[in-house]
There are 4 protein chains.
Amino acid sequence: MTKPPDVTRRSERSRRAILDSALDLVTAVGYGKVTIEAIAARAGVGKQTIYRWWPSKGAVVFDAFLALNEGDTGLALPDSGDLDADLRALLKATFDDLVDPRFEPTYRALHAEIQHNAALATDLVERLLGPLLRSTEDRLRSAQRAGQLAPDVDLRVAVELLYGPVFHRWLLRTGPLTSEYADTVVALVLRALRP
Amino acid sequence: MTKPPDVTRRSERSRRAILDSALDLVTAVGYGKVTIEAIAARAGVGKQTIYRWWPSKGAVVFDAFLALNEGDTGLALPDSGDLDADLRALLKATFDDLVDPRFEPTYRALHAEIQHNAALATDLVERLLGPLLRSTEDRLRSAQRAGQLAPDVDLRVAVELLYGPVFHRWLLRTGPLTSEYADTVVALVLRALRP
Amino acid sequence: MTKPPDVTRRSERSRRAILDSALDLVTAVGYGKVTIEAIAARAGVGKQTIYRWWPSKGAVVFDAFLALNEGDTGLALPDSGDLDADLRALLKATFDDLVDPRFEPTYRALHAEIQHNAALATDLVERLLGPLLRSTEDRLRSAQRAGQLAPDVDLRVAVELLYGPVFHRWLLRTGPLTSEYADTVVALVLRALRP
Amino acid sequence: MTKPPDVTRRSERSRRAILDSALDLVTAVGYGKVTIEAIAARAGVGKQTIYRWWPSKGAVVFDAFLALNEGDTGLALPDSGDLDADLRALLKATFDDLVDPRFEPTYRALHAEIQHNAALATDLVERLLGPLLRSTEDRLRSAQRAGQLAPDVDLRVAVELLYGPVFHRWLLRTGPLTSEYADTVVALVLRALRP
DNA sequence: TAGTAACCGAGACGGTACGTCTCGTCTTTAC
DNA sequence: GTAAAGACGAGACGTACCGTCTCGGTTACTA
């Protein structure tokens, strides 16, 4: 049986160098053209050191992406009292991220990756998307408590009703992600959710 | 300038063999492990014959998938008069397809592929998803004319409101695609669309 | 049983175009890089037209070479009475041909080819080298009759004694083919052959 | 700039396997039909391992051939005192090698190869033929010192006078390499070289 | 003069091998 | 004693040609 590496001995310097190189390369040449060899070379690290700690290229890049956002103190939960405005802001913030040319290729690559890598999917949904979805749900809950939403609405479904159309457009490229689109979606969804 | 191959001389026998082999292999070993070499070998065909007519593995597999559905006479547009029931039927038919173990891996693979292949994305949306989305839109239009939906609703957005949550769940694996889920989504969406 | 092509119907225009193209290509890119496809394309000819009339690339190129020399009325047999001078002239004429930059690569290619193509070897020795070797032998015979050479010398061996060292140098690149070299070889050989 | 491979890390086991396989294949199917793919497969080696260390098929086969003869302690310089007999022995030993059915096809292939590969030509002449030519020259030098040869004869030319006719016959297939032929050539050459 | 046999240009076909690339593992060197 | 450096076995990539096999379309003999 193969022994797992001793995590206490892990070189923090190498870890950082690998994540930084992964990110640099992914933005420079695109996810598809990044290779583990290239990451190792740029990080000044043996390939084995990558294979020892990550199971796949996707996992390295994903970790690199997470590390990028890890400074964020989490989404400032917007609660201006105006539910409509708050939701529109959340949606717009979401697709500002999705179409940011610095991130879009990698977001797409990660979404491609999770189609045949369920473990990565869980991680991505939990740790990258999670904060967004959770704070949206929180906002809806506070509205529900305030009697602005029907009391029997399943909030997890409500969140999907908001983000589903956005991701649908973005993943299938069936249309542009404009401000008006956010307005339209939010307006319709609120009609669905109100008491 | 490179000359395109003379399509009139194309061997139908080889075309069929290639598509069949592609499909067999994709279901047998999964899209990611299928190679053009293997498709050619199994089809009893030179690799060049594949490269002559398709630009990528994704294109071959996609064509194979299309050919599979090509016998379908198109969706029987369901119009029982009961809008609610019709939409639930459409949604359930959709995820019956999505979770069919014979097709799911390949659907996922195609969705992964289109993230870095825009041409394929257009094709997929147009030719595989298109019929479904169009007939859904047609059904909504007939309901709108009958005064069951608000007259100012943008039907393309309405369609996304229906399918978005479904694809969101399926692509991000955030929850199961159950019958109840379809009911919930349709109920909410109809509340949004009613006059 | 496969029928041989009907030589009477052969297209002279195609034959010429093929030989010309073969020669052009061989001097342009070198024998090794010439392909039958390229010859056919440049000649504006179907590949089958080449395969119908020649068994191999070597055969085409050889024919092209022969056609080039076919205008030559044959070697003017040098018989000035001065055997020494005549032989030196023959040797020098030989390596003028061998090192002519227009022909050397193809001569070398043909010599390479005959190492695994005995039929071509016979043709080459008979039709390209033959005239030279025969006229040299003739010159030696006349000298032998005149008593300048030992009467028991086998003239075929004598010819090889003259040309062998030259080809040895040329084929194995063991040294330069200079005028002095011809002088030295002829002088030594004549010492061997004199009565 | 591409870095050359680190020769100190080279796998001796792979090197041997490649050379052995090359030799086996060349004798089994003939040089022309040997491919690098086949050598790699038979050696249980990745193709890259061949491409890393050799520039061409010819180079591999040549190395394989050299390795074969590498146990030889070099030609036992024959110096029986009888120059005539010694030279005849050398010539006969030479064409015993040339016409040995195990080696002839490969010798021919190598001679073909060097026609368009000057680097290989140098290697072949230096390392395969070299020992033979040098020991022949040594034998002639000792004879010259003993006054059996004219003191002004250029011994390199003398060596070519001996081997040139032999290679001429062999390469151009203009006649058989018999014992009598060796006798005749040696006799004539000695007449040329004697004081 | 109609029919027909053959060559012709063109080029698709099943194949083989090329030389390059990347993978994930194994081995050696140096700190 | 750990990791960098990097050679290794494996095998897919896309390309180039191979030699064979239709295709229609001209010729040029035969009935």
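Every chain is numbered from 1 and lettered A, B, ... according to where its sequence line falls, protein lines coming before strand lines. Values below: every heavy atom of this structure, side chains too, minus hydrogens, waters and symmetry copies.
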**Prompt:** Going through the checks in order, is the side-chain contact (heavy atoms from CB on, under 4.5 Å) test met by L128(A) and F62(A)?
**Reply:** CA-CA 9 Å; L128(A) 255 186; F62(A) 174 63; 3.8 Å; yes

**Message:** Quick one, E37(C) with K47(C), criterion side-chain contact (heavy atoms from CB on, under 4.5 Å). Give me CA distance, side-chain angles, the key distance, then yes/no.
**Reply:** CA-CA 6 Å; E37(C) 302 229 345; K47(C) 283 200 288 176; 2.8 Å; yes

**Item:** Check ion pair R16(A)-E12(A) (N to O, under 4.0 angstrom)
**Value:** no

**Request:** Drop me the distance from Q115(B)'s CD to L110(A)'s CG, to the nearest 0.5 angstrom.
**Result:** 10.5 Å

Euclidean distance, atom [atom1] of residue [X] to atom [atom2] of [N] [Å, nearest integer]:
X      : N       : atom1 : atom2 : result
L25(C) : dA16(F) : CG    : P     : 16 Å
I39(C) : dG9(E)  : CD1   : P     : 14 Å
W54(D) : dC8(F)  : CH2   : C1'   : 13 Å

**Request:** Mind running a 4.0 Å heavy-atom check of residues 112-121 of chain D against DNA chain E and sending the residues that fall below it, in number order?
**Result:** none

**Prompt:** Hey, is the main chain of Y31(D) close enough, under 3.5 Å, to the side chain of K57(D) for a donor-acceptor pair?
**Reply:** yes

**Test item: R173(D) side-chain N/O and I114(C) main-chain N/O as donor-acceptor pair under 3.5 Å** = yes

**Complete:** Comparing G44(C) with R13(B), nearest DNA chain E nucleotide closer to 5' gives the residue G44(C)

**Prompt:** Want to settle it: does W53(C) or S14(B) sit nearer the 5' end of DNA chain E, counting the closest nucleotide to each?
**Reply:** W53(C)

Using a cut-off of under 3.5 Å, enumerate the N/O to N/O pairs linking the protein to nucleotides 28-31 of chain E.
residue: dT28(E); atom: O2; partner: R9(D); partner atom: NH2; Å: 3.4

**Message:** I'd like to know whether CZ of R10(D) has more than 12 heavy-atom contacts from other residues, nucleotides or ligands below 6.0 angstrom.
**Reply:** yes

**Over 12 non-hydrogen atoms of neighbours within 6.0 angstrom of CZ in R52(B)** = yes

**Request:** Please examine the side chains of R15(A) and W53(A), heavy atoms only from C-beta on, and report whether any two atoms are closer than 4.5 Å.
**Result:** no

**Asked** Would you say the side chain of E104(D) lies within less than 4.5 Å of the side chain of Y107(D), judging by non-hydrogen atoms?
**Response** no

Show me the protein contacts with nucleotides 17-24 of chain E, counting only N or O atoms at under 3.5 Å.
residue: dC18(E); atom: OP1; partner: I36(D); partner atom: N; Å: 3.1
residue: dC18(E); atom: OP2; partner: I36(D); partner atom: N; Å: 3.2
residue: dC18(E); atom: OP2; partner: E37(D); partner atom: N; Å: 3.0
residue: dG19(E); atom: OP2; partner: Y51(D); partner atom: OH; Å: 2.7
residue: dG19(E); atom: N7; partner: K47(D); partner atom: NZ; Å: 3.0
residue: dG19(E); atom: O6; partner: K47(D); partner atom: NZ; Å: 2.6
residue: dC21(E); atom: N4; partner: Q48(D); partner atom: OE1; Å: 2.7
residue: dG24(E); atom: OP2; partner: Y51(A); partner atom: OH; Å: 2.8
residue: dG24(E); atom: N7; partner: K47(A); partner atom: NZ; Å: 3.2
residue: dG24(E); atom: O6; partner: K47(A); partner atom: NZ; Å: 2.8

**Side-chain N or O of S11(C) closer than 4.0 Å to phosphate OP1/OP2 of dC7(E)** = no

**Request:** Counting heavy atoms from C-beta on, name the nucleotide in dA3(F), dG9(E), dA12(E) closest to the side chain of R52(A).
**Result:** dA3(F)

**Request:** Decide yes or no on side-chain contact (heavy atoms from CB on, under 4.5 Å) for I36(B) and W54(B), but give the supporting numbers first.
**Result:** CA-CA 11 Å; I36(B) 291 206; W54(B) 288 275; over 6 Å; no

